[in-house]
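Nothing here was measured: the structure is a model prediction, and the numbers come from that model. The first residue in the sequence is number 1, and the count goes up from there.
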Amino acid sequence: MDFSHFRDIPIIDSHVHFVHPERMDELLALMDEAHHSRANLVCIPNPDATTHNPAALYFKEHHPDRVYLSGALEYASALADRAHASQILAGQVPALKARGFDGLKLIEGKPQVRKLLPLPLDGPEYAGLWAALESEQFPVVCHVADPDEFWDAERCPDWARSGGWDYSDSSYPSKEDLYTEMDHILARHPNLKITFAHFYFLSTDLARAARFLDAHPNVCFDLAPHIGMYHDFSRDPGSARDFFLRYSDRILYGTDMDTRVLARGAEGLAFMRSIPWLIRSFLETPGSFTINGSELNGLGLPPRVLEQIYHANFERIYHP
Ligand SMILES: [Zn+2]
């Protein structure tokens, strides 16, 4: 894909999954091709109680100038000692900092994970963690909820179902349950430096997204795509453009690039390449553009706004 026509502005990709140390050079090549100066490696826990943290530390050791690290929590000791879970999880904030992490990543608000780890985000086990994140001003990227289709057996795509993301059997928390948990946390901790991944899954409702950002002045959204997100924005480009101009200091560029997708081979690589091209085309193109046979409408944002979304907002949060 050709990236040469895009604006020459430094880019920090705030949302990248790096799981395979042996794919570091491949990921670096992709970053170079898309003109990403740095990536924020967002680590998550694995179901076997390991995490992506060691892979991220490996990358930083080899290329400290190309990455930021957002660490994952480790749950084994907290789950074994629920009475002290709050202190145990909170203690991981200074520990991650000391190991060179720049922030935290929480996938724990994704319905599948929220069901596996049966701890309400606003419950007592996490109370110390939120307080520590706020007092240390340690930035956190949170994945809360998922696309609406995943709760609807008729509309849930096959690839989502095979990933374990069909939430239609009512054993999963609803999207609104998860938002309510988050609302409680934001009310208790208004100074959290928190970025909600995937536009907080509100791309179909920009009015609600605006009310949410107005109510929580320290909250940001990232632009990591989810199914349909850019089609949603594209449907009413005038409103989307107004939103992006008005909240230009609250939106972070992010792709969700993932070495687990690269591991699928040529098809995975082509898909990874297409994401930065899609997002940059959407932000920079005045008028329509075509990707994979779909016509989308771009926003043609001015350079001042692109500077904010591409790197300045991230730098404000991660380099106080
Ligand atoms: Zn992600």
Side-chain angles (χ1 to χ4, degrees), residues 9-18 31 34 36-44 52 56 67-72 101-110 113 133 138-147 178-179 182 186 192-206 208-210 212-213 216-233 240 243-258 261 272 274-284 299 301 305-319:
I9 296 173
I11 296 183
I12 300 172
D13 183 348
S14 72
H15 190 144
V16 173
H17 296 276
F18 180 69
M31 288 167 63
H36 294 170
S37 57
R38 286 201 189 211
N40 182 29
L41 305 181
V42 292
C43 303
I44 60 179
H52 300 175
V67 286
Y68 296 87
L69 306 187
S70 293
F101 285 87
D102 305 283
L104 188 73
K105 159 78 178 184
L106 291 176
I107 189 79
E108 285 78 339
K110 187 175 175 74
V113 181
L133 290 170
F138 201 53
V140 54
V141 179
C142 283
H143 181 129
V144 175
D146 251 345
L178 294 164
Y179 284 159
M182 225 42 251
L186 294 171
L192 278 171
K193 288 175 133 183
I194 188 163
T195 299
F196 289 105
H198 311 288
F199 210 76
Y200 206 35
F201 299 96
L202 289 177
S203 55
T204 54
D205 191 348
L206 293 182
R208 182 172 181 178
F212 184 76
L213 290 179
H216 307 293
N218 282 314
V219 161
C220 291
F221 291 160
D222 86 26
L223 292 179
H226 67 71
I227 175 177
M229 186 165 136
Y230 287 85
H231 287 85
D232 295 338
F233 291 144
F243 186 97
F244 275 69
L245 290 173
R246 181 165 160 209
Y247 296 103
S248 63
D249 58 341
R250 314 287 294 280
I251 298 170
L252 272 55
Y253 177 87
T255 62
D256 218 359
M257 277 202 207
D258 192 325
V261 180
M272 289 291 92
S274 71
I275 300 175
W277 196 91
L278 161 68
I279 303 173
R280 299 197 62 185
S281 297
F282 170 73
L283 296 173
E284 297 190 26
L299 302 185
L301 295 174
V305 169
L306 293 170
E307 293 271 3
Q308 291 176 290
I309 293 173
Y310 282 157
H311 67 94
N313 294 337
F314 185 95
E315 287 161 346
R316 180 188 74 231
I317 296 166
Y318 286 79
H319 297 290

So if I apply the side chain to side chain contact (heavy atoms under 4.5 Å, CB included) rule between Tyr68 and each of Leu41, Ile12, Val16, which one comes out positive? Ile12

Could you check His226, Lys105, Glu108 and say which one makes a side chain to side chain contact (heavy atoms under 4.5 Å, CB included) with His143?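 The side chain to side chain contact (heavy atoms under 4.5 Å, CB included) with His143 is passed solely by Lys105 among His226, Lys105, Glu108.
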
Just by modelled atom types, is the [Y] backbone N or O under 3.5 Å from a matching donor or acceptor in the [X] side chain?
X: Asn218; Y: Ile194; result: no
X: Asp13; Y: Thr255; result: yes
X: Asp222; Y: His198; result: yes
X: Asn313; Y: Leu252; result: no
X: Arg316; Y: Asp249; result: yes

Any chance you could lay out the side chain to side chain contact (heavy atoms under 4.5 Å, CB included) test for Arg208 and Tyr179, step after step, and finish with the verdict? CA-CA 12 Å; Arg208 182 172 181 178; Tyr179 284 159; 3.2 Å; yes

Rounded to the nearest 0.5 Å, how far apart are [atom1] of [X] and [atom2] of [Y]?
X: Ser248; Y: Phe243; atom1: OG; atom2: CZ; result: 10.5 Å
X: Leu192; Y: Met182; atom1: CG; atom2: CE; result: 7.0 Å
X: His17; Y: Ile107; atom1: NE2; atom2: CD1; result: 6.0 Å
X: Trp277; Y: Phe282; atom1: CH2; atom2: CZ; result: 13.5 Å
X: Met229; Y: Ile279; atom1: CE; atom2: CD1; result: 7.0 Å

Close aromatic pair by centroid cut-off 6.0 Å: [X] and [Y]:
X: Phe221; Y: Tyr247; result: no
X: Phe314; Y: Tyr253; result: no
X: Phe212; Y: Phe196; result: yes

Is it the case that the side chains of His311 and Glu315 hold a donor-acceptor pair, with the cut-off being a distance below 3.5 Å and no angle test?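 Yes, side-chain donor-acceptor contact under 3.5 Å.
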
Specify the closest pair of heavy atoms between [X] and [Y], including all atoms of both residues, with the distance to one decimal.
X: Arg38; Y: Val67; answer: NH1-O, 3.6 Å
X: Ala197; Y: Val141; answer: CB-CG1, 4.3 Å
X: Leu206; Y: Phe233; answer: CD2-CE2, 4.0 Å
X: Ala72; Y: Cys43; answer: CB-O, 3.4 Å
X: His36; Y: Pro276; answer: NE2-CB, 3.8 Å
X: Asp232; Y: Ser203; answer: OD2-OG, 2.7 Å

Determine, for Tyr310 and Arg280, whether the Lys NZ or Arg CZ falls below 6.0 Å from the six-membered ring centre while staying within 45 degrees of the axis. yes

Taking it one step at a time, do Ile251 and Phe244 satisfy side chain to side chain contact (heavy atoms under 4.5 Å, CB included)? CA-CA 8 Å; Ile251 298 170; Phe244 275 69; 3.7 Å; yes

Would a 4.5 Å heavy-atom cut-off, applied to side chains only, mark Leu306 and Leu283 as touching?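 A side-chain contact exists here, since the closest heavy-atom pair is under 4.5 Å.
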
Kindly determine whether Ser14 and Thr195 satisfy side chain to side chain contact (heavy atoms under 4.5 Å, CB included), including the steps that lead there. CA-CA 10 Å; Ser14 72; Thr195 299; 5.6 Å; no

Start with the C-alpha distance between Leu223 and Tyr230, add both sets of side-chain angles, then the distance that settles side chain to side chain contact (heavy atoms under 4.5 Å, CB included), and finish with yes or no. CA-CA 9 Å; Leu223 292 179; Tyr230 287 85; 3.2 Å; yes

